[in-house]
Trainee: 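Here you go, one structure.
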Amino acid sequence: MLGIPDEMFIRDEKIPMTKEEIRVLALSKAKLFHGAKFVDIGSGTGSVTVEAGLFVGSKGKVYAIEKDPNAVELIRKNVEKFDLRNVTIIQGESPDALKEIREEVDAIFVGGSERLEESLMASNEILKKKGRIVLDAILLETAVKAMEVLNSMNYNPQIIEVIVAKGMKTSKGYAMLSRNPIFIIYGEKP
Ligand SMILES: C[S@@+](CC[C@H](N)C(=O)[O-])C[C@H]1O[C@@H](n2cnc3c(N)ncnc32)[C@H](O)[C@@H]1O
């Protein structure tokens with residue numbers, strides 16, 4: 001089941017993390033299954049990597065790609081905390097780092113959008129037919145670029161924008177605190 005509470009991850013204030021509700025929604029669009037092979041590009045804190053690793057189980061596999069060495073250390077800690085044996089961490093930048101994956105995969109999540117166009121093209125090379133690419137983006141420009149590239153590859157991309165407001169307990173009741181709106185873009189390889 002998806003939905004690890006954010007508080008369960010080891011955090012570093014300088015390293016971003018995809019929040020629980022967005023993580024769950026994004027991974028639902030990846031259509032993961034037990035035994036699936038999954039790539040997390042720009043793994044950051046490792047929350048998507050861990051969530052996917054638990055979901056795909058011991059017969060599945062997760063490749064976590066991250067260019068920032070401090071984030072790589074944090075991903076390693078979170079993978080250890082959740083006792084996952086099915087995660088391969090690749091320190092490097094996508095698309096170059098994708099070359100280390102020498103098998104076809106079922107789904108790819110792009111949470112790190114530097115070199116986005118090249119990353120999407122290289123992702124297409126290692127994705128199985130009917131495999132899914134999912135991205136999340138804060139910037140409008142990133143979302144537009146992702147839609148353009150996925151359209152050019154005939155992935156029939158869909159886009160949603162999600163705004164999560166979390167209840168915060170005050171002395172008088174619960175006040176809803178909004179987080180940043182996030183775009184989630186997803187498409188399927190023809
Ligand atoms: C928003 S964070 C991802 C958070 C992550 N999904 C999580 O839940 O912890 C984006 C990360 O992508 C990394 N990144 C950005 N572009 C990248 C690229 N082309 N290759 C590898 N890592 C990249 C950044 O260093 C950053 O750590």
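Counting convention: from 1, in listed order, for ligands and their atoms alike.
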Trainee: As an exercise, identify every atom of ligand 1 less than 4.0 angstrom from a heavy atom of Thr45.
Mentor: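 Every atom of ligand 1 under 4.0 Å from some heavy atom of Thr45: 7 (C), 9 (O).
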Trainee: Do Glu104 and Lys129 sit within salt-bridge range, that is, some charged N less than 4.0 Å from a carboxylate O?
Mentor: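 A salt bridge is absent here (no side-chain N lies under 4.0 Å from a carboxylate O).
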Trainee: Looking at Lys77 and Glu80, is there a salt bridge between them, counting it only when a charged N and a carboxylate O are closer than 4.0 Å?
Mentor: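 Not counted as a salt bridge, because no side-chain N and carboxylate O are separated by less than 4.0 Å.
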Trainee: Check each of Gln91, Arg115, Lys67 against atom 17 (C) of ligand 1 and report the one with the nearest heavy atom.
Mentor: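 Checking each option, the heavy atom nearest atom 17 (C) of ligand 1 is found in Lys67.
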Trainee: Report, in ascending order of atom number, the atoms of ligand 1 lying under 4.0 Å from any heavy atom of Gly92.
Mentor: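 Selected atoms, number and element: 21 (C).
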Trainee: State the atoms of ligand 1, each with its element, that fall below the 4.0 Å cut-off from a heavy-atom position in Pro16.
Mentor: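 Result: 1 (C), 2 (S), 4 (C), 9 (O).
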Trainee: For Ser94, is at least one N or O under 3.5 Å away from an N or O on ligand 1?
Mentor: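 Ser94 vs ligand 1: N/O contact under 3.5 Å present.
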Trainee: Treat each ILVMFWY residue as a node, draw an edge where side-chain heavy atoms are under 4.5 Å apart, and state whether Met147 and Phe109 are in one component.
Mentor: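 In one cluster with Met147: Phe109, no.
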Trainee: Would you please say whether a donor-acceptor pair under 3.5 Å links the side chains of Arg23 and Thr18?
Mentor: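 No.
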Trainee: Output the list of atoms in ligand 1 that are nearer than 4.0 Å to some heavy atom of Gly46, sorted by atom number.
Mentor: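 By the 4.0 Å cutoff, the relevant atoms are 9 (O).
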Trainee: What is the nearest protein non-hydrogen atom to atom 8 (O) of ligand 1, stated with its residue, atom name and distance?
Mentor: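 Protein heavy atom at minimum distance: Ser47 OG, 2.6 Å.
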Trainee: Below the 3.5 angstrom mark, is there an N/O of Ser119, backbone or side chain, next to an N/O of ligand 1?
Mentor: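 It does not: no N or O of Ser119 is found under 3.5 Å from an N or O of ligand 1.
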Trainee: May I ask whether Ile160 and Leu135 are part of the same hydrophobic cluster, defined by side-chain heavy atoms of I, L, V, M, F, W, Y residues being less than 4.5 angstrom apart, directly or through others?
Mentor: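 Each belongs to a different hydrophobic cluster.
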Trainee: Parallel, tilted or perpendicular, judged at 30° and 60°: which one describes the rings of Phe82 and Phe9?
Mentor: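 Geometry flag for Phe9 against Phe82: tilted rings.
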Trainee: Students should be able to answer this: which protein heavy-atom is nearest to atom 10 (C) of ligand 1, and at what distance?
Mentor: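 Here the closest protein heavy atom is Gly111 O, 3.4 Å.
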Trainee: May I ask you to identify the nearest protein heavy atom to atom 12 (O) of ligand 1, giving residue, atom name and distance to one decimal place in Å?
Mentor: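 Result for atom 12 (O) of ligand 1: Gly42 CA, 3.1 Å.
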Trainee: Which residue is it: Ile108, Ile133, Val48, Ile90? I am looking for the one with a side-chain contact (heavy atoms from CB on, under 4.5 Å) to Ile41.
Mentor: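 So, applying the side-chain contact (heavy atoms from CB on, under 4.5 Å) to Ile41 and each of Ile108, Ile133, Val48, Ile90, only Ile108 qualifies.
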Trainee: Quick one: look up the protein heavy atom nearest atom 15 (C) of ligand 1 and list residue, atom name and how far away it is.
Mentor: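 Going atom by atom, the protein heavy atom closest to atom 15 (C) of ligand 1 ends up being Gly112 CA, 3.4 Å.
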Trainee: Would you mind listing which atoms of ligand 1 come within a distance below 4.0 Å of any non-hydrogen atom of Ser43?
Mentor: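 Selected atoms, number and element: 5 (C), 7 (C), 9 (O).
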Trainee: Under 4.0 Å from any heavy atom of Glu66, which atoms of ligand 1 are there?
Mentor: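 Here the atoms of ligand 1 in question are 11 (C), 12 (O), 13 (C), 22 (N), 24 (C), 25 (O), 26 (C), 27 (O).
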Trainee: With heavy-atom distances below 4.0 Å as the criterion, list the atoms of ligand 1 near Val48.
Mentor: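 Here the atoms of ligand 1 in question are 6 (N), 8 (O).
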Trainee: Is any NZ, NE, NH1 or NH2 atom of the basic residue among Glu188 and Arg132 found under 4.0 Å from an Asp or Glu carboxylate oxygen of the other?
Mentor: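 Looking at Glu188 and Arg132, the cut-off is met.
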Trainee: Between Leu84 and Val105, is there a shared hydrophobic cluster once you connect ILVMFWY residues whose side-chain heavy atoms come closer than 4.5 Å?
Mentor: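 Not linked; separate clusters.
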Trainee: Determine the sole option in Lys128, Lys37, Lys189, Lys130 for which the salt bridge (Lys or Arg N to Asp or Glu O under 4.0 Å) test with Asp106 is passed.
Mentor: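 Checked Lys128, Lys37, Lys189, Lys130 against Asp106; only one passes salt bridge (Lys or Arg N to Asp or Glu O under 4.0 Å): Lys128.
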Trainee: Starting from atom 6 (N) of ligand 1, what is the nearest protein heavy atom, named by residue and atom, and what distance separates them?
Mentor: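 Sorting protein heavy atoms by distance from atom 6 (N) of ligand 1 puts Thr18 OG1, 2.8 Å first.
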Trainee: Show me which atoms of ligand 1 lie under 4.0 Å from any heavy atom of Glu93.
Mentor: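 That gives atoms 18 (C), 19 (N), 20 (N), 21 (C) of ligand 1.
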